[in-house]
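Atom set for the values below is all heavy atoms of this structure, side chains included, hydrogens, waters and symmetry mates excluded. Since this is a predicted model, take the numbers as computed values, not measurements. Below, chains carry the letters A, B, ... as their sequence lines are ordered, and counting in each starts from 1.
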Protein chains: 2
Amino acid sequence: MEETYEKPILTVDVAYLSIKENALEILLIERDKPPFLGEFALPGGYVHCNEDKDLQATARRVIAEKTHLDPDYIEQVETIASDTRDPRGWTATVLFMALVNGEKRELEEHLGKGCKWDELDSLDTNTLAFDHEALLAKVKERLTAKSRYTSIPLFLLPPSFTLTEAQHCFEITTHSTLEKKSFRRRLLDADIIEETGELSETGRRKAALYRIKDKDDVHFFPRMIG
Amino acid sequence: MEETYEKPILTVDVAYLSIKENALEILLIERDKPPFLGEFALPGGYVHCNEDKDLQATARRVIAEKTHLDPDYIEQVETIASDTRDPRGWTATVLFMALVNGEKRELEEHLGKGCKWDELDSLDTNTLAFDHEALLAKVKERLTAKSRYTSIPLFLLPPSFTLTEAQHCFEITTHSTLEKKSFRRRLLDADIIEETGELSETGRRKAALYRIKDKDDVHFFPRMIG
DNA sequence: TAAATAGTGTCTTTAAGACAATATCTC
DNA sequence: GAGATATTGTCTTAAAGACACTATTTA
(Lines give C-alpha, C1' and ligand atoms only; values in the text may rest on other atoms or scores of the structure.)
Protein backbone atom coordinates (compact mmCIF):
# COMPACT_ATOMS: atom_id res chain seq x y z
CA MET A 1 0.00 0.00 0.00
CA GLU A 2 3.00 2.26 0.37
CA GLU A 3 4.04 1.71 -3.24
CA THR A 4 3.55 4.91 -5.17
CA TYR A 5 0.52 4.51 -7.37
CA GLU A 6 0.06 6.73 -10.35
CA LYS A 7 -1.66 9.82 -9.06
CA PRO A 8 -4.85 10.65 -10.90
CA ILE A 9 -5.53 14.12 -12.22
CA LEU A 10 -7.74 16.12 -9.84
CA THR A 11 -9.82 18.97 -11.16
CA VAL A 12 -12.74 21.10 -10.05
CA ASP A 13 -15.69 22.00 -12.29
CA VAL A 14 -18.29 24.57 -11.43
CA ALA A 15 -21.83 24.96 -12.66
CA TYR A 16 -22.33 28.69 -12.13
CA LEU A 17 -25.99 29.62 -12.33
CA SER A 18 -28.01 32.80 -12.28
CA ILE A 19 -31.45 33.92 -13.31
CA LYS A 20 -32.07 36.38 -16.11
CA GLU A 21 -35.48 37.24 -17.47
CA ASN A 22 -37.23 34.39 -15.71
CA ALA A 23 -34.83 31.70 -16.89
CA LEU A 24 -31.86 29.95 -15.41
CA GLU A 25 -28.58 30.66 -17.16
CA ILE A 26 -25.23 28.93 -16.87
CA LEU A 27 -21.72 30.23 -17.39
CA LEU A 28 -19.86 28.38 -20.14
CA ILE A 29 -16.40 28.81 -21.55
CA GLU A 30 -15.07 27.94 -24.96
CA ARG A 31 -12.07 25.66 -24.75
CA ASP A 32 -8.97 27.27 -26.28
CA LYS A 33 -6.87 24.10 -26.33
CA PRO A 34 -7.36 20.40 -26.92
CA PRO A 35 -9.01 18.21 -26.00
CA PHE A 36 -12.41 19.46 -27.13
CA LEU A 37 -10.86 22.62 -28.62
CA GLY A 38 -13.58 25.10 -29.50
CA GLU A 39 -16.31 23.31 -27.60
CA PHE A 40 -18.00 24.78 -24.59
CA ALA A 41 -17.43 23.49 -21.08
CA LEU A 42 -18.14 24.28 -17.45
CA PRO A 43 -15.47 26.53 -15.98
CA GLY A 44 -12.96 24.32 -14.26
CA GLY A 45 -9.34 23.68 -13.67
CA TYR A 46 -6.65 21.87 -11.81
CA VAL A 47 -6.37 22.08 -8.07
CA HIS A 48 -3.35 24.26 -7.29
CA CYS A 49 -1.90 22.65 -4.21
CA ASN A 50 0.26 25.58 -3.19
CA GLU A 51 -2.44 28.15 -3.75
CA ASP A 52 -5.84 26.68 -2.88
CA LYS A 53 -6.47 26.03 0.77
CA ASP A 54 -9.32 23.65 0.00
CA LEU A 55 -11.63 22.57 -2.83
CA GLN A 56 -14.07 25.41 -2.39
CA ALA A 57 -11.12 27.77 -2.78
CA THR A 58 -10.34 26.10 -6.08
CA ALA A 59 -13.94 26.52 -7.16
CA ARG A 60 -13.92 30.20 -6.25
CA ARG A 61 -10.61 30.76 -8.03
CA VAL A 62 -11.86 29.03 -11.16
CA ILE A 63 -14.90 31.29 -11.21
CA ALA A 64 -12.82 34.40 -10.50
CA GLU A 65 -10.61 33.63 -13.49
CA LYS A 66 -13.62 33.87 -15.78
CA THR A 67 -15.78 36.54 -14.18
CA HIS A 68 -15.24 38.72 -11.13
CA LEU A 69 -18.69 37.87 -9.88
CA ASP A 70 -18.52 36.51 -6.38
CA PRO A 71 -21.06 33.70 -5.87
CA ASP A 72 -23.81 34.12 -3.29
CA TYR A 73 -24.01 30.40 -2.64
CA ILE A 74 -21.73 27.48 -3.30
CA GLU A 75 -22.25 23.78 -2.68
CA GLN A 76 -20.24 20.69 -3.46
CA VAL A 77 -22.35 18.28 -5.50
CA GLU A 78 -20.33 15.15 -6.16
CA THR A 79 -16.94 13.90 -7.24
CA ILE A 80 -16.93 12.02 -10.52
CA ALA A 81 -14.03 9.91 -11.70
CA SER A 82 -13.24 7.30 -14.31
CA ASP A 83 -10.71 6.56 -16.99
CA THR A 84 -13.16 7.30 -19.77
CA ARG A 85 -14.43 10.78 -18.93
CA ASP A 86 -11.29 12.56 -20.13
CA PRO A 87 -9.10 11.42 -23.05
CA ARG A 88 -6.03 12.35 -21.03
CA GLY A 89 -6.59 9.38 -18.73
CA TRP A 90 -7.96 8.59 -15.29
CA THR A 91 -9.28 11.83 -13.86
CA ALA A 92 -11.40 12.91 -10.96
CA THR A 93 -13.36 16.13 -10.86
CA VAL A 94 -15.07 17.69 -7.88
CA LEU A 95 -18.29 19.20 -9.11
CA PHE A 96 -19.66 22.37 -7.52
CA MET A 97 -22.90 24.25 -7.97
CA ALA A 98 -22.67 28.02 -7.44
CA LEU A 99 -25.39 30.65 -7.54
CA VAL A 100 -25.18 34.40 -8.07
CA ASN A 101 -28.05 36.81 -7.91
CA GLY A 102 -29.09 38.31 -11.22
CA GLU A 103 -28.82 41.92 -10.16
CA LYS A 104 -25.21 41.59 -9.08
CA ARG A 105 -24.47 39.95 -12.38
CA GLU A 106 -25.92 42.81 -14.39
CA LEU A 107 -24.13 45.47 -12.40
CA GLU A 108 -20.71 43.97 -11.83
CA GLU A 109 -20.04 41.47 -14.53
CA HIS A 110 -16.74 41.38 -16.37
CA LEU A 111 -16.85 38.32 -18.57
CA GLY A 112 -13.55 36.76 -19.54
CA LYS A 113 -12.64 35.93 -23.13
CA GLY A 114 -14.60 33.02 -24.58
CA CYS A 115 -17.17 33.08 -21.78
CA LYS A 116 -20.90 33.31 -22.19
CA TRP A 117 -24.10 32.82 -20.26
CA ASP A 118 -26.48 30.36 -21.87
CA GLU A 119 -30.06 29.58 -21.03
CA LEU A 120 -29.92 26.32 -19.13
CA ASP A 121 -33.13 24.69 -20.26
CA SER A 122 -32.68 25.36 -23.96
CA LEU A 123 -29.00 24.42 -23.93
CA ASP A 124 -28.04 21.55 -26.19
CA THR A 125 -26.04 19.80 -23.50
CA ASN A 126 -24.72 17.03 -25.69
CA THR A 127 -22.43 19.52 -27.40
CA LEU A 128 -20.53 20.15 -24.17
CA ALA A 129 -16.95 19.01 -23.75
CA PHE A 130 -15.91 15.97 -21.69
CA ASP A 131 -18.75 14.45 -19.65
CA HIS A 132 -20.10 17.87 -18.79
CA GLU A 133 -23.53 16.88 -20.02
CA ALA A 134 -23.65 14.30 -17.23
CA LEU A 135 -22.24 16.74 -14.69
CA LEU A 136 -24.86 19.29 -15.60
CA ALA A 137 -27.59 16.68 -15.21
CA LYS A 138 -26.42 16.05 -11.66
CA VAL A 139 -26.45 19.76 -10.86
CA LYS A 140 -29.92 20.21 -12.32
CA GLU A 141 -31.20 17.31 -10.29
CA ARG A 142 -29.62 18.63 -7.09
CA LEU A 143 -31.00 22.13 -7.60
CA THR A 144 -34.48 20.91 -8.44
CA ALA A 145 -34.54 18.55 -5.46
CA LYS A 146 -33.22 21.02 -2.91
CA SER A 147 -35.49 23.78 -4.19
CA ARG A 148 -38.41 21.69 -2.98
CA TYR A 149 -37.36 21.69 0.67
CA THR A 150 -34.74 24.41 1.19
CA SER A 151 -34.49 28.17 0.75
CA ILE A 152 -31.57 27.92 -1.69
CA PRO A 153 -33.36 29.55 -4.67
CA LEU A 154 -33.48 32.80 -2.69
CA PHE A 155 -29.80 33.23 -3.52
CA LEU A 156 -30.72 33.68 -7.18
CA LEU A 157 -32.91 36.68 -6.37
CA PRO A 158 -31.75 40.30 -6.24
CA PRO A 159 -31.01 41.66 -2.74
CA SER A 160 -34.54 42.97 -2.48
CA PHE A 161 -37.41 41.20 -4.13
CA THR A 162 -41.17 40.84 -4.08
CA LEU A 163 -42.96 37.68 -3.06
CA THR A 164 -44.17 37.25 -6.63
CA GLU A 165 -40.58 37.36 -7.85
CA ALA A 166 -39.61 34.82 -5.22
CA GLN A 167 -42.42 32.56 -6.33
CA HIS A 168 -41.32 32.77 -9.97
CA CYS A 169 -37.80 31.93 -8.91
CA PHE A 170 -38.89 28.78 -7.05
CA GLU A 171 -41.13 27.85 -9.97
CA ILE A 172 -38.13 28.00 -12.27
CA THR A 173 -35.87 25.96 -10.05
CA THR A 174 -38.50 23.37 -9.13
CA HIS A 175 -39.89 23.15 -12.68
CA SER A 176 -43.40 23.37 -11.31
CA THR A 177 -46.26 25.77 -10.82
CA LEU A 178 -46.72 26.84 -7.22
CA GLU A 179 -49.80 27.99 -5.42
CA LYS A 180 -49.58 31.64 -4.40
CA LYS A 181 -51.03 31.47 -0.91
CA SER A 182 -49.16 28.33 0.07
CA PHE A 183 -45.89 29.73 -1.18
CA ARG A 184 -46.23 33.02 0.67
CA ARG A 185 -47.33 31.38 3.90
CA ARG A 186 -44.44 28.98 3.74
CA LEU A 187 -41.84 31.66 3.12
CA LEU A 188 -43.20 34.09 5.69
CA ASP A 189 -43.82 31.47 8.39
CA ALA A 190 -40.22 30.30 8.00
CA ASP A 191 -39.07 33.66 9.33
CA ILE A 192 -36.16 33.84 6.91
CA ILE A 193 -37.06 37.04 5.04
CA GLU A 194 -38.13 40.48 6.22
CA GLU A 195 -39.73 43.52 4.61
CA THR A 196 -37.29 46.20 3.57
CA GLY A 197 -39.99 48.83 4.01
CA GLU A 198 -39.69 49.79 0.34
CA LEU A 199 -42.22 49.05 -2.37
CA SER A 200 -41.56 47.77 -5.86
CA GLU A 201 -41.82 50.35 -8.62
CA THR A 202 -42.82 48.19 -11.56
CA GLY A 203 -46.17 46.61 -12.25
CA ARG A 204 -49.63 47.81 -11.38
CA ARG A 205 -50.17 47.60 -7.68
CA LYS A 206 -46.96 48.18 -5.71
CA ALA A 207 -45.62 45.11 -3.97
CA ALA A 208 -43.76 44.96 -0.68
CA LEU A 209 -40.04 44.32 -1.04
CA TYR A 210 -38.30 41.73 1.09
CA ARG A 211 -34.73 40.78 1.82
CA ILE A 212 -33.09 37.64 3.18
CA LYS A 213 -32.59 37.92 6.93
CA ASP A 214 -29.35 35.99 7.07
CA LYS A 215 -27.40 35.60 3.82
CA ASP A 216 -25.45 32.66 5.23
CA ASP A 217 -28.45 30.67 6.43
CA VAL A 218 -29.98 27.88 4.39
CA HIS A 219 -33.43 27.07 5.70
CA PHE A 220 -34.84 23.56 5.58
CA PHE A 221 -38.63 23.48 5.32
CA PRO A 222 -40.43 20.64 7.11
CA ARG A 223 -42.20 19.48 3.97
CA MET A 224 -41.66 19.33 0.23
CA ILE A 225 -43.34 21.86 -2.02
CA GLY A 226 -44.54 21.55 -5.59
CA MET B 1 -3.05 26.29 -17.33
CA GLU B 2 -1.25 23.61 -19.28
CA GLU B 3 1.77 23.81 -16.98
CA THR B 4 1.93 20.67 -14.92
CA TYR B 5 0.87 21.42 -11.41
CA GLU B 6 1.86 19.17 -8.58
CA LYS B 7 -0.80 16.51 -8.45
CA PRO B 8 -2.42 16.16 -5.06
CA ILE B 9 -2.80 12.79 -3.39
CA LEU B 10 -6.29 11.34 -3.92
CA THR B 11 -7.67 8.82 -1.46
CA VAL B 12 -11.01 7.31 -0.55
CA ASP B 13 -12.19 6.82 3.03
CA VAL B 14 -15.21 4.79 3.99
CA ALA B 15 -17.37 4.95 7.09
CA TYR B 16 -18.72 1.40 7.17
CA LEU B 17 -21.66 1.12 9.52
CA SER B 18 -23.85 -1.66 10.85
CA ILE B 19 -26.18 -2.22 13.77
CA LYS B 20 -25.45 -4.67 16.55
CA GLU B 21 -27.52 -5.01 19.70
CA ASN B 22 -29.45 -1.81 19.12
CA ALA B 23 -26.39 0.36 18.51
CA LEU B 24 -24.60 1.66 15.46
CA GLU B 25 -21.09 0.30 15.01
CA ILE B 26 -18.31 1.43 12.72
CA LEU B 27 -15.43 -0.49 11.18
CA LEU B 28 -12.04 0.88 12.21
CA ILE B 29 -8.54 -0.25 11.37
CA GLU B 30 -5.37 0.22 13.31
CA ARG B 31 -2.69 1.93 11.25
CA ASP B 32 0.36 -0.26 10.77
CA LYS B 33 2.60 2.48 9.41
CA PRO B 34 3.21 6.19 9.94
CA PRO B 35 1.76 8.68 10.02
CA PHE B 36 -0.51 7.98 13.00
CA LEU B 37 1.04 4.52 13.48
CA GLY B 38 -1.02 2.49 15.95
CA GLU B 39 -3.99 4.85 15.89
CA PHE B 40 -7.36 3.86 14.52
CA ALA B 41 -8.72 5.21 11.27
CA LEU B 42 -11.53 4.73 8.79
CA PRO B 43 -10.66 2.14 6.17
CA GLY B 44 -9.29 3.96 3.18
CA GLY B 45 -6.65 3.98 0.56
CA TYR B 46 -5.28 5.39 -2.61
CA VAL B 47 -7.25 5.34 -5.80
CA HIS B 48 -5.71 2.72 -8.07
CA CYS B 49 -6.04 4.21 -11.52
CA ASN B 50 -5.44 1.03 -13.44
CA GLU B 51 -7.70 -1.08 -11.26
CA ASP B 52 -10.65 1.03 -10.06
CA LYS B 53 -13.18 1.98 -12.69
CA ASP B 54 -14.58 4.77 -10.55
CA LEU B 55 -14.58 6.06 -6.98
CA GLN B 56 -17.27 3.71 -5.74
CA ALA B 57 -15.12 0.86 -7.00
CA THR B 58 -12.28 2.18 -4.88
CA ALA B 59 -14.58 2.36 -1.88
CA ARG B 60 -15.72 -1.24 -2.40
CA ARG B 61 -12.17 -2.46 -2.86
CA VAL B 62 -11.03 -0.70 0.30
CA ILE B 63 -13.81 -2.40 2.25
CA ALA B 64 -13.11 -5.77 0.67
CA GLU B 65 -9.48 -5.55 1.74
CA LYS B 66 -10.57 -5.39 5.37
CA THR B 67 -13.67 -7.55 5.49
CA HIS B 68 -15.39 -9.64 2.85
CA LEU B 69 -18.72 -8.15 3.80
CA ASP B 70 -20.39 -6.65 0.77
CA PRO B 71 -22.21 -3.43 1.66
CA ASP B 72 -25.98 -3.22 1.21
CA TYR B 73 -25.87 0.50 0.57
CA ILE B 74 -23.16 2.95 -0.41
CA GLU B 75 -23.30 6.70 -0.83
CA GLN B 76 -20.73 9.35 -1.56
CA VAL B 77 -20.81 11.99 1.17
CA GLU B 78 -18.26 14.68 0.35
CA THR B 79 -14.71 15.25 -0.82
CA ILE B 80 -12.49 16.93 1.73
CA ALA B 81 -9.14 18.42 0.89
CA SER B 82 -6.52 20.74 2.38
CA ASP B 83 -2.81 20.87 3.05
CA THR B 84 -3.28 20.43 6.79
CA ARG B 85 -5.38 17.27 7.04
CA ASP B 86 -2.49 14.90 6.29
CA PRO B 87 1.13 15.51 7.31
CA ARG B 88 2.23 14.16 3.93
CA GLY B 89 0.99 17.29 2.21
CA TRP B 90 -1.97 18.48 0.18
CA THR B 91 -4.43 15.60 0.00
CA ALA B 92 -7.99 15.08 -1.07
CA THR B 93 -10.17 12.26 0.17
CA VAL B 94 -13.52 11.18 -1.16
CA LEU B 95 -15.64 10.18 1.81
CA PHE B 96 -18.21 7.40 1.50
CA MET B 97 -20.83 6.08 3.86
CA ALA B 98 -21.61 2.37 3.54
CA LEU B 99 -24.16 0.24 5.36
CA VAL B 100 -24.33 -3.50 5.89
CA ASN B 101 -27.11 -5.39 7.59
CA GLY B 102 -26.25 -6.83 10.97
CA GLU B 103 -27.28 -10.38 10.19
CA LYS B 104 -24.99 -10.64 7.16
CA ARG B 105 -22.20 -9.30 9.30
CA GLU B 106 -22.65 -11.98 11.96
CA LEU B 107 -22.85 -14.81 9.45
CA GLU B 108 -20.23 -13.88 6.90
CA GLU B 109 -17.70 -11.67 8.55
CA HIS B 110 -13.98 -12.25 8.09
CA LEU B 111 -12.27 -9.35 9.77
CA GLY B 112 -8.82 -8.44 8.55
CA LYS B 113 -5.88 -7.96 10.88
CA GLY B 114 -6.08 -4.83 13.03
CA CYS B 115 -9.75 -4.30 12.26
CA LYS B 116 -12.53 -3.91 14.78
CA TRP B 117 -16.11 -2.77 15.04
CA ASP B 118 -16.63 -0.01 17.59
CA GLU B 119 -19.84 1.42 18.93
CA LEU B 120 -20.26 4.70 17.11
CA ASP B 121 -21.89 6.80 19.79
CA SER B 122 -19.51 5.88 22.58
CA LEU B 123 -16.43 6.16 20.37
CA ASP B 124 -13.85 8.69 21.47
CA THR B 125 -13.53 10.19 18.01
CA ASN B 126 -10.73 12.58 18.84
CA THR B 127 -8.35 9.65 19.06
CA LEU B 128 -8.82 8.86 15.38
CA ALA B 129 -6.01 9.37 12.89
CA PHE B 130 -5.87 12.28 10.42
CA ASP B 131 -9.04 14.37 10.32
CA HIS B 132 -11.20 11.31 10.61
CA GLU B 133 -13.05 12.80 13.56
CA ALA B 134 -14.31 15.51 11.21
CA LEU B 135 -15.11 13.00 8.47
CA LEU B 136 -17.10 10.90 10.90
CA ALA B 137 -19.03 13.96 12.01
CA LYS B 138 -20.06 14.56 8.40
CA VAL B 139 -21.20 10.96 8.00
CA LYS B 140 -23.19 11.05 11.23
CA GLU B 141 -24.88 14.23 10.13
CA ARG B 142 -25.72 12.81 6.70
CA LEU B 143 -27.12 9.58 8.12
CA THR B 144 -29.19 11.35 10.76
CA ALA B 145 -30.56 13.83 8.23
CA LYS B 146 -31.42 11.29 5.55
CA SER B 147 -32.96 8.91 8.08
CA ARG B 148 -35.62 11.53 8.66
CA TYR B 149 -36.89 11.53 5.08
CA THR B 150 -35.59 8.42 3.31
CA SER B 151 -35.79 4.66 3.78
CA ILE B 152 -32.00 4.27 4.04
CA PRO B 153 -31.96 2.84 7.59
CA LEU B 154 -33.78 -0.23 6.27
CA PHE B 155 -30.44 -1.35 4.81
CA LEU B 156 -29.12 -1.81 8.34
CA LEU B 157 -31.84 -4.35 9.16
CA PRO B 158 -31.61 -8.09 8.60
CA PRO B 159 -33.27 -9.39 5.42
CA SER B 160 -36.46 -10.05 7.35
CA PHE B 161 -37.47 -7.89 10.25
CA THR B 162 -40.42 -6.89 12.38
CA LEU B 163 -41.92 -3.42 12.39
CA THR B 164 -40.72 -2.97 15.95
CA GLU B 165 -37.18 -3.75 14.87
CA ALA B 166 -37.52 -1.30 12.00
CA GLN B 167 -38.72 1.38 14.39
CA HIS B 168 -35.76 0.80 16.72
CA CYS B 169 -33.45 1.07 13.76
CA PHE B 170 -34.85 4.43 12.69
CA GLU B 171 -34.77 5.60 16.31
CA ILE B 172 -31.07 4.81 16.44
CA THR B 173 -30.22 6.55 13.19
CA THR B 174 -32.39 9.60 13.82
CA HIS B 175 -31.41 9.87 17.48
CA SER B 176 -35.03 10.33 18.42
CA THR B 177 -38.00 8.50 19.84
CA LEU B 178 -40.63 7.69 17.27
CA GLU B 179 -44.35 7.15 17.66
CA LYS B 180 -45.38 3.57 16.93
CA LYS B 181 -48.53 4.19 14.93
CA SER B 182 -47.07 7.02 12.86
CA PHE B 183 -44.00 5.00 12.08
CA ARG B 184 -45.91 1.91 10.98
CA ARG B 185 -48.38 3.88 8.89
CA ARG B 186 -45.57 5.75 7.18
CA LEU B 187 -43.61 2.62 6.35
CA LEU B 188 -46.61 0.58 5.21
CA ASP B 189 -48.21 3.41 3.21
CA ALA B 190 -44.93 3.90 1.36
CA ASP B 191 -45.36 0.46 -0.18
CA ILE B 192 -41.67 -0.35 0.11
CA ILE B 193 -41.85 -3.42 2.35
CA GLU B 194 -43.96 -6.57 2.24
CA GLU B 195 -44.82 -9.35 4.65
CA THR B 196 -42.73 -12.48 4.26
CA GLY B 197 -45.55 -14.58 5.65
CA GLU B 198 -43.34 -15.74 8.51
CA LEU B 199 -43.64 -14.73 12.15
CA SER B 200 -40.86 -13.75 14.51
CA GLU B 201 -39.87 -16.36 17.11
CA THR B 202 -38.60 -14.18 19.93
CA GLY B 203 -40.62 -12.05 22.35
CA ARG B 204 -44.08 -12.60 23.70
CA ARG B 205 -46.60 -12.13 20.96
CA LYS B 206 -45.31 -13.18 17.56
CA ALA B 207 -44.73 -10.33 15.17
CA ALA B 208 -45.14 -10.34 11.40
CA LEU B 209 -41.89 -10.37 9.48
CA TYR B 210 -41.32 -8.01 6.57
CA ARG B 211 -38.74 -7.67 3.85
CA ILE B 212 -37.70 -4.79 1.59
CA LYS B 213 -39.54 -4.98 -1.73
CA ASP B 214 -36.71 -3.63 -3.86
CA LYS B 215 -33.21 -3.73 -2.37
CA ASP B 216 -31.99 -1.10 -4.83
CA ASP B 217 -34.72 1.43 -4.20
CA VAL B 218 -34.26 4.34 -1.83
CA HIS B 219 -37.65 5.80 -0.94
CA PHE B 220 -38.09 9.50 -0.23
CA PHE B 221 -40.94 10.22 2.17
CA PRO B 222 -42.94 13.39 1.59
CA ARG B 223 -42.29 14.71 5.09
CA MET B 224 -39.66 14.58 7.78
CA ILE B 225 -40.11 12.26 10.74
CA GLY B 226 -38.96 12.63 14.35
C1' DT C 1 -54.98 -15.40 34.02
C1' DA C 2 -51.06 -11.94 34.10
C1' DA C 3 -47.35 -9.77 31.74
C1' DA C 4 -45.48 -8.39 27.68
C1' DT C 5 -45.34 -7.19 23.23
C1' DA C 6 -47.96 -6.58 18.60
C1' DG C 7 -51.19 -4.24 16.31
C1' DT C 8 -55.40 -0.91 15.56
C1' DG C 9 -58.80 3.12 16.03
C1' DT C 10 -59.37 7.61 16.03
C1' DC C 11 -58.86 12.37 17.32
C1' DT C 12 -55.59 16.25 16.94
C1' DT C 13 -52.16 19.01 14.76
C1' DT C 14 -49.31 20.91 11.14
C1' DA C 15 -48.49 22.61 6.92
C1' DA C 16 -49.64 22.39 2.06
C1' DG C 17 -53.41 22.90 -1.82
C1' DA C 18 -57.50 25.20 -3.79
C1' DC C 19 -59.74 29.00 -4.76
C1' DA C 20 -62.40 32.95 -3.96
C1' DA C 21 -62.56 37.57 -2.09
C1' DT C 22 -60.62 42.00 -1.19
C1' DA C 23 -57.03 45.80 -1.72
C1' DT C 24 -54.19 48.92 -4.17
C1' DC C 25 -51.95 50.66 -7.98
C1' DT C 26 -51.68 52.90 -12.88
C1' DC C 27 -53.96 54.53 -16.64
C1' DG D 1 -63.73 53.20 -13.07
C1' DA D 2 -61.19 49.28 -15.63
C1' DG D 3 -57.52 46.30 -15.69
C1' DA D 4 -53.84 44.35 -13.46
C1' DT D 5 -51.40 42.70 -9.86
C1' DA D 6 -50.88 42.16 -4.61
C1' DT D 7 -52.63 40.38 -0.53
C1' DT D 8 -55.72 37.87 2.51
C1' DG D 9 -59.48 34.54 4.18
C1' DT D 10 -60.82 30.22 4.74
C1' DC D 11 -62.06 25.56 3.60
C1' DT D 12 -59.96 21.12 2.27
C1' DT D 13 -56.49 17.58 2.26
C1' DA D 14 -52.32 14.78 3.37
C1' DA D 15 -49.56 12.96 6.57
C1' DA D 16 -47.52 13.11 11.17
C1' DG D 17 -48.34 13.04 16.50
C1' DA D 18 -50.83 11.50 20.66
C1' DC D 19 -52.75 8.15 23.02
C1' DA D 20 -55.86 4.75 24.30
C1' DC D 21 -57.62 0.46 23.13
C1' DT D 22 -57.67 -4.50 21.53
C1' DA D 23 -55.15 -8.93 20.21
C1' DT D 24 -51.94 -12.61 20.75
C1' DT D 25 -48.44 -15.13 22.84
C1' DT D 26 -46.05 -17.46 26.65
C1' DA D 27 -45.30 -18.35 31.43
>> Across nucleotides 12-19 of chain C, 5' to 3', mark each nucleotide with B, S or - according to how protein heavy atoms within less than 4.0 Å reach it.
In response: --BBBBBB
> Which pairs, with at least one residue in residues 174-202 of chain B and sequence neighbours excluded, count as a ring pair (Phe, Tyr, Trp, His ring centres under 6.0 Å)?
Replying inline: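 Output for this query lists B/F170-B/F183.
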>> Tell me which pairs pass ring pair (Phe, Tyr, Trp, His ring centres under 6.0 Å) where either residue lies in residues 92-116 of chain A, with sequence neighbours left out.
In response: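 Sorted result for residues 92-116 of chain A: A/H68-A/H110.
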> Got a sec? Which of residues 151-162 of chain B come in under 4.0 Å of DNA chain C, heavy atoms?
Replying inline: none
> Looking only at side-chain N and O atoms, does B/K206 come under 4.0 Å of OP1 or OP2 in D/dT26?
Replying inline: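 Checking B/K206 against D/dT26: at least one side-chain N or O falls below 4.0 Å of OP1 or OP2.
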>> Under a 3.5 Å cutoff, is there a donor and acceptor pairing between the side chains of B/T84 and B/S82?
In response: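 Side chains of B/T84 and B/S82: pair found under 3.5 Å.
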> Who are the side-chain hydrogen bond (donor to acceptor under 3.5 Å, both in side chains) partners of B/E103, not counting sequence neighbours?
Replying inline: none
>> A/S176: which residues meet the side-chain hydrogen bond (donor to acceptor under 3.5 Å, both in side chains) condition with it, sequence neighbours left out?
In response: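 Here the qualifying residues are A/T174.
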> Between the base of C/dA4 and the side chain of B/R205, is there any donor-acceptor pair under 3.5 Å?
Replying inline: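 By the distance-only test, no, there is no pair.
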>> Base of C/dT5, side chain of B/R204 - is there a donor-acceptor contact under 3.5 Å?
In response: no
> Rounding to a whole Å, what distance do you find between B/R184:CZ and D/dA16:P?
Replying inline: 15 Å
> Would you call the rings of A/Y149 and B/Y149 parallel, tilted or perpendicular if under 30° counts as parallel and over 60° as perpendicular?
Replying inline: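 Rings of A/Y149 and B/Y149: tilted, as their planes differ by 30° to 60°.
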> Angle class for the B/F130/B/H132 ring planes (parallel below 30°, perpendicular above 60°, tilted otherwise)?
Replying inline: tilted
